[in-house]
Amino acid sequence: MDTIAIHDRISITALIDGRLSLTTPEGTRLLLTPAGPAPRAWAWALDVSLWLAFMLAATLLLRGPRMAQGVLAVLAFVSYWGYPVICEVYFQGQTVGKRALGLQVRRDNGLPVGWRESALRNLLLVADFLPLAYATGLACMLYDRQFRRLGDIVAGTLVVYRDKPPARPAAAERDAAPLPPPFPLTSAQQRALADLFEREQGLPQARLEELGDVAEPLTGTTGAASLERLRSYAAGLKQ
């Protein structure tokens, strides 16, 4: 496995199965699966079809004087270039086509894309199109291990599959039997323990078990068993 460090101290590990493992300074591990040319092409085709349908409707509404034709030209330019940027920034890196195919755009460090990254990668679609039918973009994706086209490489972005959050095991969904902690906890420690289980639905199970390992001095055990003991302590605090 090859591990590198990037400017904001997020480490990236390229895995053998094609997934990228990113570890943040807080210890959160992100697994990203880059999307290949085929699903990206289908997503692009769907987005273009929607844009053509929009422009057809606008053309029917703006038929007539030359001013209307000028407005139509401006509308075509703004909608073609603005649609993907606005969607990627405000809708979690997803246009309609990407959402339909389960894809999203992220920075190469796993963070959401911003205006700069999205605008840059979409403006460079012109370079990716050259010399014909996105030949440059396709060649870049086939050569790059992360299937990045030229615009992605310059903007520092990735197109990845958006994984569905894993279902919680039954033990995480039932109420735990309340237990008193082995020694008194400070108010800050009690608050941290309560916050853990208020936020657990947003944390990967592997990360929760890592926190269980950290709590070994309190629970006397590790992993999932430690997590369940913490859950019982948190239930005891509510009584």
Side-chain angles (χ1 to χ4, degrees), residues 1-17 19-34 88-94 99 102 104-118 156-158 160-239:
M1 296 187 292
D2 302 323
T3 303
I4 60 175
I6 58 178
H7 61 279
D8 49 2
R9 297 179 59 201
I10 294 180
S11 63
I12 302 178
T13 304
L15 302 184
I16 295 176
D17 63 0
R19 305 190 79 185
L20 297 177
S21 175
L22 290 74
T23 304
T24 68
E26 294 79 15
T28 302
R29 186 185 181 197
L30 304 175
L31 291 177
L32 303 179
T33 304
E88 289 172 5
V89 172
Y90 285 109
F91 298 100
Q92 300 179 329
Q94 293 181 305
R99 181 177 292 273
Q104 68 177 159
V105 181
R106 290 196 184 189
R107 299 184 200 176
D108 55 12
N109 58 13
L111 298 176
V113 293
W115 290 103
R116 174 187 173 278
E117 295 84 14
S118 184
T157 56
L158 295 168
V160 298
Y161 287 98
R162 185 174 184 181
D163 294 330
K164 295 181 180 179
R168 292 294 182 195
E173 299 173 355
R174 66 172 183 260
D175 293 332
L179 288 176
F183 49 82
L185 301 179
T186 66
S187 58
Q189 291 170 335
Q190 293 179 23
R191 182 69 258 174
L193 185 57
D195 286 344
L196 170 63
F197 294 103
E198 289 176 0
R199 299 174 49 217
E200 69 169 322
Q201 293 300 323
L203 295 173
Q205 184 65 25
R207 178 55 177 160
L208 290 171
E209 293 182 5
E210 289 177 8
L211 293 174
D213 293 339
V214 174
E216 181 182 5
L218 175 63
T219 63
T221 184
T222 59
S226 178
L227 183 65
E228 291 309 308
R229 185 68 59 84
L230 288 174
R231 194 186 310 280
S232 296
Y233 294 158
L237 294 176
K238 296 179 181 179
Q239 293 187 334

Next item on the list: Indicate yes or no: at least one non-hydrogen side-chain atom of Q205 is less than 4.5 angstrom from one of L227.
Entry: yes
Notebook entry, point to check: So, for L193 and Y233, which heavy atoms are closest and what is the spacing to 0.1 Å?
Noted result: CD2-CB, 3.8 Å
Check: Do we see a donor-acceptor contact under 3.5 Å between the side chains of R99 and Q104?
Finding: no
Notebook entry, point to check: Considering residues at least two apart in sequence or located in another chain, which fulfil the side chain to side chain contact (heavy atoms under 4.5 Å, CB included) criterion with Q190?
Noted result: L185, L237
Next item on the list: Working to the nearest 0.5 Å, report the span between CD of Q189 and CG of L218.
Entry: 8.0 Å
Check: Between E228 (side chain) and A225 (backbone), is there a donor-acceptor pair under 3.5 Å?
Finding: no
Next item on the list: Specify the closest pair of heavy atoms between N109 and L111, including all atoms of both residues, with the distance to one decimal.
Entry: OD1-N, 3.1 Å
Next item on the list: Could you tell me the separation between the CG atom of L196 and the CG atom of L230, rounded to the nearest 0.5 Å?
Entry: 6.5 Å
Next item on the list: Provide the full list of salt bridge (Lys or Arg N to Asp or Glu O under 4.0 Å) pairs with a residue in residues 179-193, sequence neighbours left out, each pair given once.
Entry: R191-D195, R191-E198
Item checked: Backbone N/O of P112 and side chain of R107: donor-acceptor pair under 3.5 Å -> yes
Checklist line | Closest non-hydrogen atom pair, T219 against S226 | finding: OG1-OG, 2.7 Å
Check: Who are the ring-ring contact (aromatic ring centres under 6.0 Å, His included) partners of F183, not counting sequence neighbours?
Finding: none
Checklist line | Check: T157 main-chain N/O paired with D108 side-chain donor or acceptor under 3.5 Å | finding: no
Item checked: Straight-line distance of E88 CD to R106 CZ, nearest 0.5 Å -> 13.5 Å
